[in-house]
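Reckoned from all heavy atoms, side chains included, excluding hydrogens, waters and symmetry mates.
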Amino acid sequence: MPHDPDPPPAKRFKPGSPFFRLDKKPDMLLPRAGHAIVSVDAQRKQLPIYQTRTQVINQLRQLHNAVFIGETGSGKTTQIPQYLYEAGIGRQGVIAITQPRRVAAISLAGRVAEEKKVQLGKLVGYTVRFEDVTSSETKLKFMTDGMLLREAIGDPLLLRYTVVILDEAHERTVHTDVLFGVVKAAQRKRMEQNKIPLKVVVMSATMDVDLFSQYFNKSPVLYLEGRQHPIQIYYTKQTQTDYLQAALVSIFQIHQEAPPSHDILVFMTGQEEIEALARTCRDISKHLPETCGPMTVIPLYASLPPVQQLRVFQPAPKGSRKVVISTNIAETSITISGIKYVIDTGMVKAKRYNPDSGLEVLAVQRVSKAQAWQRAGRAGREAAGSCYRLYTEEEFDNFASMTVPEIQRCNLASVILQLLALGVPDVLNFDFMSKPSPESLRTAVEQLCILGAVDRKDDQVSLTPLGKKMACFPLEPRFSKTLLISPDFSCTEEVLTIISLLSVDSVLYNPPARRDDVLAVRKKFISSEGDHMTLLNIYRAYKKVSGNKDWCRENFVNSRNMGLVLEVRAQLRDICIKMNMKLESSLSELVNVRRCLAHGLFMNAAELQPDGSYVALDTHQPVAIHPSSVLFQAKPACVVFNELLHTSRCYMRDLCLVDADWLQEAAPEYFRRKLRAMKS
DNA sequence: GAGCACTGC
C-alpha cells in the first residue's frame, strides 16, 4: 500500500480539489427514500407505483410478456405480484418471483406476507435451497432463480405457474440467463399445446433493456417512475495511476470538509487492499488536527465473519464519521443506510474464463458503466448524495456499457447438462439471450462427453443414462460423476463427505496472525495422501465431538461452513437414496476413496516430471502444487486436483495422491488420445 | 513458499 510513512500534513488534502462538478444525469433510475413509520396499507399506497396500479394491471392483463424498469426498492418487486393476485390474474396457478439471492427471496416473501396480513407459507411463501416455506395454498412464491431452474427439470413447461417474474434481470446471473430461454420455450410450447398460457415479466434496474424486450418478442417496456434522490457525480481531472492513493486522498478530503454525520462508502477490489487502506486511514485519522472529527473505519467483504459484517449497520459513535471500505458486496448484496458519499475506484476483481485452457482467472479489471451507476446509486438511498469517481470522464466513456454476462465467462458444463435434462433438443443452438462463444459450448460438450454424460452423433448431443443421473445432483458434473461411481468402490459415505466439503467455502479457518498455532493444531489431521483425505479426517473428528463449537475454535475449523457441509451432505445423500444407490462406507480402506476420486477427477490430473515440476495431463501445461496443500513439500508422482488457480503461477488446489494406473483404467481412450496429441 | 470478487442448486 503506497503511502507516506509519516501521516501527511492535513493541508495536503485541502487545496486544488482533483474533482470537478459535472451536471449529467445518470442514465439509470436511482433509489428513493425509505419508509416512514406508518401502517403497511398506508405504506403500500404511498409508493409511487400505486399511482400507476390500474395501468399496470390493465397492461399485464393483456400482455404475455412485459419488461419493467425501476430501481430495487421502488416497490415493483413487492407490489406487482400483489396487484396481479388482487386483480385475479393468474389465479389458476402460482405466481413465481425469482431472485438471484436467497436472503432477498426470504425477506421479500416476509414483507409481502406482512402486507397481505397472512402467515408466511400460506398465501405467500418462498423456496430456496434447504428451505421450502410454501403450501398448497401458496399463490405468491418467491424463490431463487436456481431453484426454479431445478424445478424445471421435473416440469419443463412450468405448468404449476401462470406467471413467472424474473426480478433483478440486469444482474444476468447464469441461472437467470438460462431461465430466460426456459420460460420462453415453455411459453411457446404451452401456447402450441393449448395449455394455460404463461406470462413472463422481466424486471430490471437498468435502462439498457432493449435486449430483454427484443428477446421476449419485442415486449413493451414499462417505466416505473421513482422518487429518486439526485446524486452529484464527480470525475478526476487527470487519470489516476494509483487508485489506492487516490482513494485515500478523497476519503480525507471529504472527511475534512463534510459534516461528520455524512458517511462514506469506498469500493475497492479485495480483502488485502481493504485491510491495508483501513489501517492507513486509522493511522492518519489519529494524527489529524482537532478541527477534524474522529473516523470509524469499517472493512467489508464476504469472507469476514458474520459478526464483523454486522458492524456496517451500526451507526458510528456520535461525532464520528463512518467510512466503509468494501468489495462489490456493497454493490448489490448489502445495503448500508446513511451513505452520503461513494468513492468509486472503478476497479473490480472478477472471474474470467478461457475456454481453450479451461482456466478461470481472477483478475482486477475495470467496472462497466452499469456497475459504476449501481455504485453511485448507493449514495442516494435516503437523501441527495455524491459520488467521486477516481477516473476521468473520458475514461468512463470508454468503459463497457454492460458487465459481460456471467454465462459468457464461465465453464458451461453444468449448464449444458441441465439443458439436456430439461429436454432441450439442440443444446448447441439453444436460444440464449447472449450467446456464449462456440468454443465455450464445444469445450463443455467435450467435457461432458469424456465424463460419459453425453453422446454425440453428428451435431446432435444427447444425454446418456449416467448423464441423466448426474443432472439430478446440485453439483458440478465431475463431482456428480464421482459420487455416482462411488458404489463401485464401496465408499459412497466417504465420497459424500468429501464432495460436500469441496462444494462449500473452506471449513479451514486461517487467521494470518496465528499461523504457527494453525499449523501446529492441524498437524494431527494431515494425511500424506492429500488434502481430500485431510479434510475427511477433520470432518470425522468434528462428527466425533458432535460439532462442538469450542472444538471448532481450538482447531481453527469454521463451524458455520461445517454446518453447511452437513446440510449439503444430507441433501446429496437423500438424492442417492432416491436413486437406490448403495450407501457403503469403506472406513479405514481409504485407498478405495482415492481410487474413486481418480476415476471421477481424471480430467484434473498431473504428473511429476524428471525435473521436479508438474504437468497437467489434460492440457500439458506446467502446473504447481499450491503452498496451501498438505502435499506442498511432498513430491507425489501422480495426483488429481480439485481446481486450477491462475495467479503468479498456475496452481493446483486440493490434491489427492493417486496411482497413474488408476487414471489409465478410468479413461483409457482419453489418455491414449492425449498421448497421441502430445506426440504430434 | 501463496494470498481468493460475488452468488447459487
Side-chain angles (χ1 to χ4, degrees), chain A residues 98-105 127-132 143-154 168 171-179 267-276 300-304 309 326-334 345 347-352 360-365 367 371 374 403 405-407 409-410 414-415 417-418 421 470-477 479-480 499-500 503-506 508 510-512 515 519 564 567-568 571-572 574-575 624-634 643-654:
Chain A
T98 70
Q99 294 293 320
R101 281 170 292 280
R102 293 164 54 94
V103 273
T127 306
V128 297
R129 190 179 187 184
F130 307 130
E131 242 187 305
D132 181 12
M143 58 205 303
T144 45
D145 45 17
M147 209 64 216
L148 184 59
L149 209 52
R150 273 275 139 213
E151 280 189 13
I153 291 180
E168 309 283 9
E171 289 193 25
R172 303 294 304 274
T173 67
V174 178
H175 289 154
T176 316
D177 264 34
V178 177
L179 271 179
F267 283 101
M268 304 292 292
T269 68
Q271 173 176 346
E272 209 176 276
E273 213 174 69
I274 287 168
E275 292 292 358
L300 179 64
Y301 42 88
S303 61
L304 215 55
Q309 279 191 9
S326 173
T327 60
N328 49 347
I329 192 170
E331 213 175 275
T332 48
S333 304
I334 292 178
T345 54
M347 305 304 278
V348 66
K349 202 177 277 181
K351 212 170 242 179
R352 281 187 193 161
E360 287 177 336
V361 186
L362 203 58
V364 172
Q365 49 201 292
V367 297
Q371 252 179 311
Q374 177 73 25
T403 311
E406 203 187 346
I407 199 140
R409 49 190 171 86
C410 71
S414 328
V415 170
L417 187 66
Q418 224 159 8
M470 283 167 64
C472 294
F473 290 96
L475 288 172
E476 281 176 51
F479 289 149
S480 47
I499 281 169
S500 305
S503 35
V504 305
D505 286 337
S506 179
L508 308 178
N510 297 314
R515 209 173 139 258
L519 284 176
L564 276 171
E567 281 195 289
V568 173
Q571 187 191 25
L572 299 178
D574 275 351
I575 301 172
I625 299 178
H626 196 276
S628 67
S629 170
V630 298
L631 293 181
F632 180 64
Q633 265 144 352
E643 62 173 356
L644 282 179
L645 178 76
H646 195 101
T647 50
S648 57
R649 300 167 76 179
C650 198
Y651 285 109
M652 303 179 272
R653 283 214 309 193
D654 295 319

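No contact: A:Glu171 has no heavy atom under 4.0 Å from any strand. At the heavy-atom level, A:Leu362 lies under 4.0 Å from base atoms of the strands shown. Using a 4.0 Å heavy-atom distance criterion, A:Arg515 is classed as a base contact. In this structure, A:Arg102 reaches the sugar-phosphate backbone alone: every heavy-atom distance under 4.0 Å involves primed, P, OP1 or OP2 atoms, never a base. Heavy atoms of A:Phe473 sit nowhere under 4.0 angstrom from any nucleic acid atom.
Counting heavy atoms of neighbouring residues, nucleotides and ligands inside a 6.0 Å radius, atom CD of A:Gln365 exceeds 12 of them.
A distance of 9.0 Å separates CD of A:Glu168 from OG1 of A:Thr98, quoted to the nearest 0.5 Å. Taking CZ of A:Phe267 as the start and CG of A:Leu300 as the end, the distance is 9.5 Å to the nearest 0.5 Å.
Comparing B:dA5, B:dG1, B:dT7 against the side chain of A:Ser333 picks out B:dT7 as the nearest. Taking only side-chain atoms of A:Pro627, from C-beta outward, the nucleotide of B:dC9, B:dA5, B:dG1 with the closest atom is B:dG1. With distances taken from any side-chain atom of A:His175 to the nucleotides B:dA5, B:dG3, B:dG8, the minimum falls on B:dG8. When distances run from any side-chain atom of A:Arg150 to the nucleotides B:dC6, B:dC9, B:dG8, the shortest one goes to B:dC9.
Of the two residues near DNA chain B, A:Val103 and A:His626, the one whose nearest nucleotide lies more 5' is A:His626. Map A:Glu476 and A:Gln271 each onto its nearest nucleotide of DNA chain B; the residue landing nearer the 5' end is A:Gln271.
A donor-acceptor contact shorter than 3.5 Å is absent between the side chain of A:Thr176 and the backbone of A:Arg172. Put simply, the side chain of A:Ser480 gets close to the backbone of A:Pro477: a donor and an acceptor are under 3.5 Å apart.
Summarising the geometry, the separation between CD on A:Glu643 and C1' on B:dA2 is reported as 14 Å, rounded to the nearest angstrom. Computed from coordinates, the A:Glu151 CD to B:dC9 C1' distance equals 12 Å when rounded to whole Å. One can place CD of A:Glu272 at 6 Å from C1' of B:dG3, the figure rounded to the nearest angstrom. Whole-Å rounding puts the A:Ile499 CD1 to B:dC9 C1' distance at 15 Å. If you take CG of A:Asp654 and P of B:dA2, they are 18 Å apart, rounded to a whole angstrom. In this structure, NZ of A:Lys349 is placed 10 Å from P of B:dG3, rounded to the nearest angstrom. Rounded to whole Å, atom P of B:dC9 lies 13 Å from atom CD1 of A:Ile575. Going from atom CE of A:Met143 over to atom P of B:dT7 covers 20 Å, rounded to whole Å.
A salt bridge links A:Arg101 to A:Glu171: at least one charged side-chain nitrogen sits closer than 4.0 Å to a carboxylate oxygen.
When the side-chain nitrogen and oxygen atoms of A:Arg352 are compared with OP1 and OP2 of B:dA5, none of them lie within a distance under 4.0 Å. For B:dC6, one of the phosphate oxygens OP1 or OP2 lies less than 4.0 angstrom from a side-chain nitrogen or oxygen of A:Thr327. Between A:Thr144 and B:dC9 there is a side-chain polar atom (N or O) within less than 4.0 angstrom of OP1 or OP2.
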